[in-house]
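Data first, discussion second: the structure below is written as structure tokens.
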Amino acid sequence: MDEEIPGRLSPYVRRPRRALLPGSPAPVPLRRRIGGFFLFRFLTALPDDLADAVAALLDPFARAARLAGRLLHGPALRGGWASGAGRFALALHGFHWMHWQAETEGPAGMFTVRRGDGPGGGAAVTARPPWGRGDPARGSYTAVCALRRVPRLRRRPARVDLVFADGSWLALRMGTRADSARLRAVLGPARRTAAPGAAASRISGCGPAGAGHRVDARGTTQ
């Protein structure tokens, strides 16, 4: 499938530490961190911008709602940042790291799938940044993975889980039900998550040459 499907990393995947992000962006200055605290934002915005002051005051409730959603959704990434799923998630963050503070819904991407040879082969999923759609010069990240079977109580129409060769997996949230259905159809039948390393005999590699890719600060693959 050469058509690109828009989607994003699940918002319930915890953010990586800044040192892990491709390009290692500089730490946020202490003054900016204090300025982002909801009570400080409320006090500074109150005289001039009532709407922004109210939004700042509601920030703790939004965080609590996000935590409740995470508890209902369950884990959205398993295996750690050094696993196949973690490297895929870091690549998506690498497209967006300059907007890291603003990414609250998971970094977005455009996804294409190439099926492997044979019924037991995995699919090569390529993620690209959402800007410049159709531009071959965009940065990209490719990994071989399969469709994971989501537990019944945690299934959502827009949720698609990818499982990688080492048994790690992550959740994506597609833009619409139709997009998630198209991605599931191309990836093929879902399978249960195997123990780490158990799937390596069926799905090999983590890219075109069987090796992981690294995305630099500009979003290009190395």
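Note: hydrogens, waters and symmetry copies are ignored here, and every other heavy atom, side chains too, is used. Source: prediction; values computed, not measured. One-based numbering along the sequence shown.
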Could you measure the distance from the [atom1] atom of [X] to the [atom2] atom of [Y]? Nearest 0.5 Å is fine.
X	Y	atom1	atom2	value
Arg78	Arg148	CZ	CZ	8.0 Å
Phe95	Tyr141	CZ	OH	10.0 Å
Arg173	Asp179	CZ	CG	14.0 Å
Leu183	Thr112	CG	OG1	10.0 Å
Leu172	Ile5	CG	CD1	10.5 Å

Worksheet item: Are Met110 and Val125 joined in one hydrophobic group, where the rule is that I, L, V, M, F, W and Y side chains link up if heavy atoms are under 4.5 Å apart?
Response: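 Result: no, two separate clusters.
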
Discussion item. Hydrophobic cluster membership, with links at side-chain heavy-atom distances under 4.5 Å among I/L/V/M/F/W/Y: are Tyr12 and Leu9 in one?
Written reply: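 The answer is no; the residues belong to distinct hydrophobic clusters.
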
Of all heavy-atom pairs between [X] and [Y], which one has the smallest distance, and what is that distance?
X	Y	result
Leu77	Ala89	CD1-CB, 3.8 Å
Pro130	His96	CD-NE2, 3.9 Å
Val160	Ser180	CG2-CB, 3.7 Å
Leu147	Leu187	CD1-CD1, 3.8 Å
Ala171	Asp161	CB-OD1, 3.3 Å
Ala127	Phe88	CB-CZ, 3.9 Å

Between the side chain of [X] and the main-chain N/O of [Y], is any donor-acceptor distance below 3.5 Å?
X	Y	answer
Arg155	Val150	yes
Asp166	Gly84	yes
Arg87	Ala82	yes

Fill in: Derivation of the side-chain contact (heavy atoms from CB on, under 4.5 Å) call for Met174 and Arg182
CA-CA 10 Å; Met174 311 310 291; Arg182 287 160 58 204; over 6 Å; no

Worksheet item: Which is it for Arg114 and Thr126 under the side-chain contact (heavy atoms from CB on, under 4.5 Å) test, yes or no, and what are the steps along the way?
Response: CA-CA 8 Å; Arg114 294 278 185 131; Thr126 299; over 6 Å; no

Worksheet item: With sequence neighbours excluded, what pairs up with Arg156 under the side-chain contact (heavy atoms from CB on, under 4.5 Å) test?
Response: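 Expected list: Arg159.
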
Worksheet item: Does some side-chain heavy atom of Phe111 sit less than 4.5 Å from a side-chain heavy atom of Leu92?
Response: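 Leu92 reaches Phe111 side chain to side chain.
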
Worksheet item: Would you call Trp169 and Pro75 a side-chain contact if the rule is heavy atoms closer than 4.5 Å?
Response: yes

